[in-house]
Each structure stands twice: as structure tokens, then as C-alpha cells.
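First the proteins, then the strands, lettered A, B, ... as listed; each starts at 1. Reckoned from all heavy atoms, side chains included, excluding hydrogens, waters and symmetry mates.
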Amino acid sequence: MIRLTGIERTFVVGEEQVHALRGATLEIGQGEYLSIMGPSGSGKSTLLNVIGLLDRPSAGIYELDQRDVTGLSDDELARMRREKIGFVFQFFHLVPRLSAAQNIELPMVLAGIDPTGRKPRLNRLLAEYGLEDRAGHRPDQLSGGQCQRVAIARAMAMNPSVILADEPTGNLDRHTGREVMAVLERVHHNGGTVVLVTHDPEIGSRAHRRLRMIDGAVVSDEKS
Amino acid sequence: MRLNDVLSFAWQVMRGYRGRTLLILLAMGIGVAAVVAVTALGEGARRYVANQFGSLGTNLVIVLPGRSETAGAMPGVLVGKTPRDLTLEDALALRRSHAIRRFAPLIIGAGDVRVGARRRETPVLGSTAELLEIRRMEMAQGYFLPEGDPRQSLPVSVVGSKVASELFGARQALGEWLRIGDRRFRIIGVLAKQGESLGFNTDEIVIVPLAAAQALFNTEALFRVLVEAKSREQIPYAKEDVEEIIRLRHEGERDVTVITQDAVLATFDRILRALTLAVGGIAAISLAVAGILIMNVMLIAVTQRRREIGLLKALGATGRQIRLAFFTEAVLLAIGGAAVGLIVGQLGRNLALQLYPTIPFQAPWWALVAAPATAVITAVLFTVLPARRAAKLDPVQALSRR
Ligand SMILES: Nc1ncnc2c1ncn2[C@@H]1O[C@H](COP(=O)(O)OP(=O)(O)O)[C@@H](O)[C@H]1O
Ligand SMILES: [Mg+2]
């Protein structure tokens, strides 16, 4: 489903070149539950952004669902992101003036789905992520765990091929973090593909496949 | 993205940033209100002048003795001839023109008017029965000068309302006698109050038959001849006829000046219209200022809402959708501001109307269309840059804490 071959990503900072990814090669299949660990600055986020079509590799080939996406235009990438990718961020990134329900609806609104089509999906998502009684609340009226549940529901709104979560528990206490992980694991149990970046070995080790990155390269790839 | 969703998204942004929204509405509103108010003033002044001329009489052509603009260069003056007087015979000759409906010769002088012991210095007008119609005057009591041969001097007079009340107080003036110099005139009519029009107050005059005035002031020379053309279209022909008829009578000399009311009015009209346009244009600059304000506010919004824009991109928004969101917001703000401005402008106009009821303040239609249109267009133009900047934002950077 996802195949990366020799992916490079180089940033130019002033006179210097920073190699965030050095020839990353990786294949992720449908329904996998994969964690990426590694020291800070090792390129985990950059890899996730490349997979999520938010960032373009400087070199290498990326195939998503058998399609080479390296040459696509910005608008084509945006449309693929809309259909196939669901992001979950460390800092939730909810729109502060919108209610929980409106935040969850946002991808469907951007995709141009009409309100009658959105309504049943929204209700199903609210029920599935236990947010029915929080639907009308704005983010500042929600706890961290609730915010992240809203973010996960939003990521799932378009039934994406893959959920990409960059340190989703990094901003939560241990207990809430476990709750959020349980939600993500349920996505996996229902057949979803989950790629998770984390600092926490306890959380990372729960994944069925564990990647280690150092200096922009994948150094180990364990399955269990 | 559906239109409804685009609109409601913009609406939520406007509600979310209330202070900012109010600021822009205010700036836009002031700009539009200024244009509406200023053009209403200008247009009001223009109509006021037009009405004043209109009340003088319609299709008016005024004949005065002497060739004002070329008098200095006339060969007649060089050889020492004084310009010829305009006489009653000249006026009567105008009957030959088919373009002229009626005319009234006019003599004017200051008269020492007395009733018993009361006396008053008053302008005395000598004219004919036609003057009533030409000047659109109305009678409060009695009759105007009788029709008949203008060479005949009847001892009758018509007085303005103020003259009547000053000379007679509460007493009835109609039918009484008054004395001008050493002649006596019976009052056969009192003019209705009309007030001043273009510096001439009919409430303060005494009108006597032309021949009587000629005798009073001991002159044959007319002050003016007021001519009414048969219609608006006939005014140029009437003018031509007057010039030709009098030139023939004056041995080929063009020694009268003929003014048409249209020409004077057209000049005023042009000046006032140009003035309205110019001042309206200056007011429109405040709209441009509002546009620059919108641009700055939007640029700030791009920075403020970096993360939100990054998020929208991560959720699959295209550059076009981001731009559309910004333009929609700008256009809604402009329309809202224009609506506020139109309402405030109209309120201002109503206030001006209460303060100066005689001046017909009314913003011209082009200003009512141009002001909101300018507001929307400036808003769109000044949003191009911020919208483009937002659409080009790199989502990874926008979402990072850096
Ligand atoms: N936009 C950027 N500009 C310059 N350098 C960057 C940028 N993004 C990431 N980097 C650099 O690339 C490397 C990898 O970063 P990142 O993928 O964020 O690491 P991680 O998520 O593993 O902590 C780091 O050295 C970082 O400083
Ligand atoms: Mg990171």
C-alpha cells in the first residue's frame, strides 16, 4: 500500500544542508500497526510528513496505493490527502472557534459532501469516539483527552487508507495517553492502518511492527 | 467545498474575531457613508439651484441692452456712438417671431412710495400683463395689470405682500390709493408671498404699467425684455429671432445681449456636477484607506491563523479553497460595511434635510451604486496578496511549533 524507495529529504538552513532523511526505504501494508521510535531530530516527523503528502522528498520514489505520487501537483496531492490520509498531531490542532462536531465535519466539508451526507457519518463518529455529549463544545471547553479523540474522529471522517499519528500522547498525561492509545488501537482492530511516532517505549512496543530511526535512516525493523 | 459551507466558514471567522470584524465594518462604513453624504450634499445644491432657476419661469430668454462681452471692441464705440437703447418698439417687434409665446418689457427704478404719512423706498417695476405668467407669480388678492396697449398709462398698481403690510398694516390694501413721486395709483392686486429667487424679492416691489413707469422715471429705455419661448426646443430659435429682429431695427448693429436661462443653468449644472464628482472622489479615497486596512488585517490574519491554514491543508484543502475562504471573508466584510455605510449615509441625509428643508439632499444613483461597488472591489483587490500568501504557506512549517 505504501512503498518508499530511497527517500531523501534535505533542508537548506543558511549555507548548510541538513539531511533529515537519508535513503529511507520502507513498505507498509494494509492494516498494519507500526510505530516509529528514535532520538529527537532523527527524522521521524519528516518521514511521517512525506508519507502524509505534506512534504515532498528531495529524491526517491513514493508509491501510495500503487501510484507514484512524487510528480503530482499541489492540488492533486491535496485531493489525495483528503481521500487517503488521516493526521493526528501532538498539539491536536483543532480550530478553536468551531465546535467538536464542526471540527470533525471539516474534512467532509472540504471534500464538498452535502449536509445530508455528512450528518449520518458525523453521528456515527460522535458515537464511536464517545463524544455525543460534547458535540457542541468548543475545544477550550474540552479536556486534552477529549480533544485528541475529536482529532482522531476527524482523521477518520473520510475513511482514510492510513492514520498518521505524530506523538499523539506527547501532550497528555500517562493515563489519558493510554486512553487515546486504546482509541487508536481500536482503529487498527477495525482494519485501519496506523503509523505512530512516539518517544515512549512502553507505547511504541505495543505496535506489531517497530521501526527505529537514527540520523534520517531506518536502522531496525522488528515484527512480532 | 459547497458555497453554503464557504459562506458559513467565513461567517464563523467573522464571529470568531469580533473586534477585527467591527473595525473593518467601521472603516468600510465610514468610507461608503462619506461618499453617500458628500454626493448628496453636492446633488442637493445642484437641484436647489435648478429649482431656483425654474421658479424664475420656464423657457426664459432674457434680453438686455448693450453687448456685454464685445462692447469694448465695437466699431460704434470707437467712433463715439453710445449704444442704442432698447425700446418698447423693439420689444413689440418681437411679436413677429413664431418661437416666442409671450414677452414682457421691463423698466425698474427706485420709487418713493407713500400712503398718507407712511413712506417707503421701494423698487418700482414697470411692465405689462404678460409678466405674471412669465415670472410664474401668483396673486393673493385682486388682479394683475390689465391687458391692453402697453403705451397707455393707467393709474393702477400691484404691490408685493411685504409692501402691502408695511404701508397698510392690518388694513386692507386692495382698492386703496398710493402715491409714487407725484403720481397716484390705485392698488388693484396684492402678490402672493413668493420670497426671494436669485436675489430678487417679489414681496418687496410695486408694479405699475410700463407707460406709467416710463413717465415716472422719465425714460424710454427698457431695462430688460423677458421672453418666453414656446417650448424648450424653441429656445435657440427664440434667441436667434430676438437677435435678428433687433439687429434689423438697430441698423445692423448687434447691440443687445440675449441670455437663455438654459445656458446659465447648464453652466451651474456643469460646475456643481464636477464639484460633486470631485468631492465624491475624495471621499472614495477613504474607501481605499479601508482597503489598505483590510489588507493589513488579512495579512495579520494569515500569520495569526498559520496553524489553522496548515491544518486545513493537512485535511486536504487546495490552494484554491484557502484563497476562496479569504476572498469570501473580505467580500462579506465589504458588503456588510457598505450596508452600514448606506444606512448611516441615509440617516445623515435625513438629518441634513431636517436642518435645511429647502435643499433637496439626495445622493445621485451613480454614487449609491459606485460606493458599495468600490468597497467590494477594493476589498477583493487588497485581499489578493494575503490570500496568495496563505495559499502558499508550507503546511509542515505552519503546523510546527517553530
Ligand atoms: N523545515 C525545516 N528546516 C530545516 N531543518 C529542518 C526542518 N524540518 C526538520 N528539520 C531538521 O531535520 C531533522 C529531522 O527533523 P524531524 O523530522 O522533525 O525529527 P524528529 O521528528 O525525529 O524529532 C532535524 O535535524 C531538524 O532540525
Ligand atoms: Mg518530531
Using a 3.5 Å distance criterion without hydrogens, assess whether the side chain of A:H93 forms a donor-acceptor pair with backbone atoms of B:E308. no
What part of A:R82 is in contact with chain B, defined as an atom under 4.5 angstrom from a non-hydrogen atom: side chain, backbone, both or neither? both
Taking side chain as everything from C-beta outward and backbone as N, CA, C, O, which of these in A:D166 sits under 4.5 Å from a heavy atom of chain B? Side chain, backbone, both or neither. neither
Counting only non-hydrogen atoms closer than 4.5 Å, does B:Q12 touch chain A with its backbone (N, CA, C, O), its side chain (CB onward), both, or neither? both
When rounded to the nearest 0.5 angstrom, what distance separates CZ in A:F89 from CZ in B:R307? 11.0 Å
Please look at A:D75 and chain B and tell me whether the side chain, the backbone, both or neither of the residue comes under 4.5 angstrom of a heavy atom of that chain. both
Under 4.5 Å from any heavy atom of chain B - which part of A:L98: side chain
B:R388 atom CZ, over 12 foreign heavy atoms within 6.0 Å: no
Exceeds 12 heavy-atom contacts within 6.0 angstrom, atom CZ of A:R22: yes
If you count heavy-atom pairs within less than 4.5 Å of chain B, which of A:R154, A:R97, A:R81 leads? A:R97
Evaluate whether atom OH of B:Y356 has more than 12 neighbouring non-hydrogen atoms of other residues, nucleotides or ligands under 6.0 angstrom away. no
Output the residues of residues 312-333 of chain B for which the shortest heavy-atom distance to chain A is under 4.5 Å, in residue-number order; output 'none' if no such residue exists. B:L312, B:K313, B:A314, B:L315, B:G316, B:A317, B:T318, B:G319, B:Q321
Report, as yes or no, whether the 6.0 Å neighbourhood of atom CZ on B:R389 holds more than 12 heavy atoms from other residues, nucleotides or ligands. no
Tell me, side chain or backbone of B:V13 under 4.5 Å from chain A's heavy atoms, or both, or neither? both
Tell me, side chain or backbone of A:R118 under 4.5 Å from chain B's heavy atoms, or both, or neither? side chain
Pair count under 4.5 Å, heavy atoms only, with chain B: among A:D114, A:N49, A:L106, highest is A:D114
Contact leader toward chain B among A:P96, A:G112, A:G86, where contacts are heavy-atom pairs under 4.5 Å: A:G112
Taking the side chain as C-beta and beyond, is there a heavy-atom pair between A:L54 and B:L399 under 4.5 Å? yes
More than 12 heavy atoms of other residues, nucleotides or ligands under 6.0 Å from CH2 of B:W11: is that the case? no
What part of A:Q102 gets closer than 4.5 Å to chain B, counting heavy atoms only: side chain, backbone, both or neither? side chain
